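Heads up: the structure comes next, in structure tokens.
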Amino acid sequence: MSLTKSILTLALPIAFIALPAFGVTQELKLPEMKLSLQPKYKDVQSVTEEAVPEADPVLRIENKNPKAFCEFSFPKKMKLESFDTLKLTVNLDRKRTSTLQNLSVRIQDATGETLQYTLIGKALPEGDTILFTIDPNQKPFTSWGGNKDGKIDQPAQFLGGAFRFQDGAGTLFLRGFTVNTESKATE
């Protein structure tokens, strides 16, 4: 084997490993961010816009029913670019938010299947940002509708999510969402 052929053989695997990922980032915050809550809980749950001094406004979501969880959805679903990895960040004001028991995000795929990804208890990180990293083939916490295969068939849409407070009733202060769809480079 010649020296040139040997160098090329060694370099090929490195070239494939170093391929960059490409992504599209979308942000959803006020005033564009509109949420709907479950109509059956309209007497015990509310969502209002709240101004914050020297910061972006937030949505204040209040739940007065200790037995209910809050589900939220967008009147207009957020279409997602095709992806190999979805990084969905929920931006909160945690200093004013009641302690969460769990937080979920919901994706609807091309077949109409809704896939729910959930962080529970200790899996919920501290701080104002909660990151969900989702592989389209990753099994969700739960799913329903569509072809029921537990995988994200693309194209997909970000529908909304759900949460429950540790003590039942409480208030969540939502700043918005950042959605990053990453695709591996192909040649």
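These numbers come from a predicted model, not from an experiment.
Using a 4.5 Å cut-off between side-chain heavy atoms of Ile, Leu, Val, Met, Phe, Trp and Tyr, with links allowed through other members, F132 and L172 fall into the same hydrophobic cluster. Linking ILVMFWY side-chain heavy atoms closer than 4.5 Å, directly or via other members, places V105 and L159 in two distinct hydrophobic clusters. Using a 4.5 Å cut-off between side-chain heavy atoms of Ile, Leu, Val, Met, Phe, Trp and Tyr, with links allowed through other members, I130 and M78 fall into the same hydrophobic cluster. Cluster annotation: L115 is connected to I134 through the hydrophobic network of ILVMFWY side chains, with a link wherever side-chain heavy atoms come within less than 4.5 Å.
Distance CD/Q154 to CG/L86: 8.5 Å, rounded to 0.5 Å. Between R164 atom CZ and T99 atom OG1 the span is 15.0 Å, to the nearest 0.5 Å. Note that CD of Q138 is 5.5 Å distant from OH of Y117, once rounded to the nearest 0.5 Å. Distance check: N180 CG to E81 CD gives 11.0 Å after rounding to the nearest 0.5 Å. Atoms CG and OG, from N63 and S46 in turn, are 9.0 Å apart once rounded to the nearest 0.5 Å. With values rounded to the nearest 0.5 angstrom, T89 atom OG1 is found 10.5 Å from L92 atom CG.
Considering all non-hydrogen atoms of both residues, L131 and L119 come closest at O-CD1, 4.0 Å. Of all the heavy atoms in Q108 and T114, the pair that sits closest is NE2-OG1, 4.0 Å. Nearest heavy-atom pair, S143 versus P140, reported as atom, atom and distance to 0.1 Å: CB-CG, 3.9 Å. Pairing each heavy atom of P136 with each of D84, the nearest pair is CD-O, 3.0 Å. Scanning all heavy atoms of the two residues, the minimum distance from R106 to W144 falls at NE-CH2, 3.7 Å.
Counting heavy atoms from C-beta outward, T85 and K87 have side chains that approach closer than 4.5 Å. Side-chain atoms of L80 and V179, non-hydrogen and from C-beta on, do get closer than 4.5 Å to each other. For the pair I152/N137, no side-chain contact is recorded, criterion being any heavy-atom separation below 4.5 Å from C-beta on. Contact check for I61 versus C70: side-chain heavy atoms found under the 4.5 Å cut-off.
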Go through the steps to decide whether R96 and E50 satisfy the test salt bridge (charged side-chain N to carboxylate O under 4.0 Å, His left out), and finish with yes or no.
CA-CA 12 Å; R96 298 190 304 151; E50 186 174 296; 2.7 Å; yes
How far apart are the C-alpha atoms of D93 and K95, what are their side-chain angles, what is the distance that settles it, and do they pass the side chain to side chain contact (heavy atoms under 4.5 Å, CB included) test?
CA-CA 6 Å; D93 180 344; K95 290 178 186 154; 3.8 Å; yes
What verdict does the side-chain hydrogen bond (donor to acceptor under 3.5 Å, both in side chains) test give for K64 and Q45, after you've listed the backbone C-alpha separation in whole Å, the side-chain angles of each residue and the deciding distance to 0.1 Å?
CA-CA 6 Å; K64 296 176 185 169; Q45 293 178 352; over 6 Å; no
Might you work through the side-chain hydrogen bond (donor to acceptor under 3.5 Å, both in side chains) test for Q116 and T142, ending with a clear yes or no?
CA-CA 5 Å; Q116 179 170 301; T142 188; over 6 Å; no
Can V90 and L174 be said to form a side chain to side chain contact (heavy atoms under 4.5 Å, CB included), step by step?
CA-CA 8 Å; V90 182; L174 179 63; 3.8 Å; yes
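Note on E126 versus R94: no salt bridge recorded, every NZ/NE/NH1/NH2 to OD/OE distance being 4.0 Å or above.
The aromatic rings of F74 and F177 sit perpendicular to each other, their planes meeting at more than 60°, with 30° as the lower class boundary.
T111 places a side-chain N or O within donor-acceptor distance of the main-chain N or O of N147, the cut-off being under 3.5 Å. Side-chain atoms of N65 come within 3.5 Å of backbone atoms of K67 as a donor-acceptor pair (strictly under, hydrogens ignored). The main-chain N or O of S82 is found under 3.5 Å from a side-chain atom of S183 such that the two form a donor-acceptor pair. Within the 3.5 Å criterion, the main-chain N or O of G150 finds a donor-acceptor partner in the side chain of E113. Side-chain atoms of S98 come within 3.5 Å of backbone atoms of T171 as a donor-acceptor pair (strictly under, hydrogens ignored). A donor-acceptor pair is defined here as one N or O able to donate and one able to accept, closer than 3.5 Å; such a pair exists between the side chain of D109 and the backbone of D153. The closest donor-acceptor contact from the side chain of N102 to the backbone of F163 lies at 3.5 Å or more, if one exists at all.
Geometrically, R60 does not engage F173 in a cation-pi contact, judged by NZ or CZ lying under 6.0 Å from the ring centre and within 45° of the ring axis.
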